[in-house]
Participant: 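Below you will find the structure I want to go over with you.
When a ligand or atom number is given, it counts from 1 through the structure's own listing order. Everything numeric here is computed off the predicted structure, so don't read it as measured data.
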Amino acid sequence: MARAQRKPINYMRHLISIADLTNEEIEEIFALADEAETLRAGKPASGHIMATLFYEPSTRTRLSFESAMQRLGGSVISCSDMKASSTAKGETIADTAKVVSSYADILVVRHHWDGAVQAMAEQADVPVVNAGDGSHEHPTQTLCDLYTLRKEKGEIKGLTVVLCGDLKNGRTIHSLVYALARFGAHVVTLAANGMALPHYVIERLERDYGYALTPVAADALGAVVTETDALYLTPRQPHQLALFTQVDQVIQARLNTLATGLRYDAFYMTRKQKERMNDSSTDSGYPTIGRDFLRERRFQDTVVMHPLPRVDELSPEVDKDRRGIYFKQAAYGVPVRMALLKFLFDRRTQKRSAVKRQTISYESPERLGPQCRNPNCVTLKEPVSSARRFELRLPGQDDALILTCSYCDHRFKVQFAGNVKSKRYYFFDGALAPTLDEWLRNGDLALFDSIKEAEELGYEPFKSGPQRMLMGDAEIRNALAEMSEQILRDCRDADRLLILGVRSAGSHLAQRLAAEIEKRCKRKPEVGEVEIYGSGEEVRRLSPADTDAGALNLKDREVILVDDVIFTGRTVKSALSIIFRSARPQSVRLAVLIDRGHREVPVKPNYVGKHIPSSEEDRVRVRLRELDADETDQVVIYSIVNSSEKGRKLERQPGAASTK
Ligand code: NCD
């Protein structure tokens with residue numbers, strides 16, 4: 001089947017993400033909602049048709065949208081069950097969107113794939129509203145949530161809202177946390193075990209909204225939850241905790257007072273999104289709100305919200321209490337959606353507002369190229385209805401080349417960059433950034449997930465200049481042996497030791513360190529890895545590999561975080577933030593094979609194999625036999641010229657095909 005022709009992005013005013021509305025526009029919608037009765041009398045939607053396409057079950061969202069449209073004087077067409085539509089015959093979402101947009105003036109869509117509504121909006125000739133896409137976003141629920149908070153508490157700025165439950169899969173949470181950040185609220189996240197806010201969401205909060213997060217001990221939140229750690233997100237007053245390599249007593253004590261001193265304005269409870277999980281996930285430790293909560297004095301003014309439906313995380317006892325406001329929250333669905341529809345009808349041809357980040361958009365000029373790593377992303381589920389389009393972030397933030405999927409916002413790292421004209425590919429390094437920028441502007445940049453992909457397209461490896469070996473096989477072995485001794489000397493309780501590598505080179509080094517430790521104390525410590533740019537589990541066990549051992553537990557462990565090279569320290573910072581989000585270890589110490597001595601964030605390695613002061617132009621690579629079958633272990637350094645000159649220089653290498 002031919003790929004669907006895509007319309008230019010920003011063609012029409014859709015609502016896919018909460019980022020599509022400015023704070024002022026949200027206020028405008030709320031002002032309209034306050035006047036819902038006047039709106040109803042004016043019948044501003046008469047003669048208009050709204051189509052609801054719900055590929056997933058819904059009660060509130062669908063019925064409140066339909067009621068809102070009818071109250072505005074418009075009418076509604078719908079498929080009672082999408083399984084009974086042409087979808088069952090294999091129609092793509094792109095075709096469905098195109099067809100239905102000629103029957104209606106607005107589409108309201110819910111789908112089980114992340115990014116599906118964005119893909120449909122790219123095909124539609126009328127505005128499309130996201131009524132929930134997979135575990136990605138649910139912006140109209142957020143409008144109802146904010147409206148409810150505003151009605152109950154006045155201004156949103158300065159409120160402290162506790163987000164509780166399944167923060168990983170709950171789409172309402174993702175849209176809400178961005179909005180709360182934008183309106184200047186404080187956020188405490190209280191995730192159920194293994195259901196923490198995804199790293200891509202946290203990272204966006206930090207990057208786009210200047211939020212910083214600090215872990216808060218669960219016991220500081222009283223009887224509401226047990227066995228769960230919380231995070232405290234605050235606007236524009238960066239806490240440094242995630243940067244410390246050791247959580248000491250003083251910091252812990254300060255955090256506890258910070259937490260107990262908090263005034264909680266709202267608890268936003270969510271159900272466990274069972275439909276988005278593998279059956280293997282256990283049922284243990286899901287937080288609940290009930291009688292204990294109601295009795296706690298410090299929660300006496302804390303309202304309880306829930307997007308509904310609830311299962312058993314929210315006791316019906318709260319229904320009768322003045323603080324339980326979730327039915328009101330559901331009722332506001334109608335005036336808020338009436339206001340939103342009116343707002344969108346008034347702006348049908350206006351371009352999407354400029355709230356979305358200014359970003360570089362990247363689509364590979366080649367047939368093969370990077371793919372989103374989120375298995376539930378529309379780009380993987382139905383490639384013909386979408387494009388492989390990403391937001392590209394050149395280093396500056398990280399030492400890596402990071403792509404963010406334009407449909408589902410998941411981020412991942414790319415390691416191979418090629419030039420379309422010279423047909424050469426390169427192993428990416430921060431120092432290549434200006435060159436890549438130039439290739440990107442000329443449309444010559446081809447990124448690859450693997451060497452195999454590049455070679456399949458006839459690309460050849462770029463032969464780098466003279467290399468100097470900095471550490472050989474034996475020296476690496478000795479360094480690891482020495483580090484393992486130091487680790488054991490500092491270790492308070494070997495039973496609690498956990499060696500955690502940063503994927504991938506760090507994971508291999510972690511395994512080797514663990515083997516060295518085993519030689520010395522006759523017991524192999526547990527080994528795990530942290531994946532910073534993945535979209536699966538962020539922390540997982542490597543050994544012992546047996547699956548019966550269950551998920552890796554970081555609580556109260558003495559963690560040794562291992563990486564091959566530390567340069568700016570940003571990778572380590574991200575790894576630390578993942579660790580602190582997943583649990584509260586007793587301590588975290590950092591072991592690196594090479595310290596390049598150029599840190600931009602205050603992270604100090606505790607164990608270093610070798611100090612190699614090197615400049616930005618230098619490329620230092622740790623080659624390990626596990627990663628490169630033909631290699632022996634070695635650390636090499638080579639130089640590249642760091643200017644746009646370099647791009648041309650690279651292109652002039654002997655053998656490079658010149659098409660200029
Ligand atoms: C939510 C949803 O569908 O994401 N429900 C809703 O729209 N009110 C929350 C949920 O299903 O848990």
Participant: Have Arg276 and His112 got a donor and an acceptor in their side chains that come within less than 3.5 Å?
Facilitator: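 No - no donor-acceptor pair under 3.5 Å links their side chains.
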Participant: Enumerate, atom names and distances included, each donor-acceptor pair closer than 3.5 Å involving a side-chain atom of residues 35-43, sequence neighbours excluded.
Facilitator:
residue	atom	partner	partner atom	Å
Glu35	OE1	Thr38	OG1	3.3
Lys43	NZ	Arg40	O	3.4

Participant: Scan Phe412, Tyr362, Tyr407 and name whichever one has a ring pair (Phe, Tyr, Trp, His ring centres under 6.0 Å) with Phe390.
Facilitator: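 Only one of Phe412, Tyr362, Tyr407 forms a ring pair (Phe, Tyr, Trp, His ring centres under 6.0 Å) with Phe390, namely Phe412.
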Participant: For Glu313, is there an ion pair with Lys272 - N to carboxylate O distance below 4.0 angstrom?
Facilitator: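 Glu313 and Lys272: not salt-bridged.
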Participant: With the criterion set at N/O pairs under 3.5 Å, what does the list of contacts between the protein and ligand 1 look like, atom names and distances included?
Facilitator:
residue	atom	partner	partner atom	Å
ligand 1	3 (O)	Arg110	NH1	3.3
ligand 1	3 (O)	Arg110	NH2	3.2
ligand 1	3 (O)	Arg171	NH2	2.8
ligand 1	4 (O)	Arg171	NE	2.7
ligand 1	4 (O)	Arg171	NH2	3.4
ligand 1	5 (N)	Leu308	O	3.0
ligand 1	7 (O)	Thr61	OG1	2.9
ligand 1	7 (O)	Arg110	NH2	3.1
ligand 1	7 (O)	His138	NE2	2.8
ligand 1	8 (N)	Gln141	OE1	3.1
ligand 1	8 (N)	Pro307	O	2.9
ligand 1	8 (N)	Leu308	O	3.1
ligand 1	11 (O)	Arg271	NE	3.4
ligand 1	11 (O)	Arg271	NH2	2.8
ligand 1	12 (O)	Arg271	NE	2.7
ligand 1	12 (O)	Arg271	NH2	3.3
ligand 1	12 (O)	Gln273	NE2	2.9

Participant: Answer yes or no: is there an ion pair linking Lys151 with Asp34, defined by an N-O contact shorter than 4.0 Å?
Facilitator: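 Result for this pair is yes, salt bridge flagged.
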Participant: Are Glu27 and Asn23 linked by a side-chain donor-acceptor pair shorter than 3.5 Å?
Facilitator: no
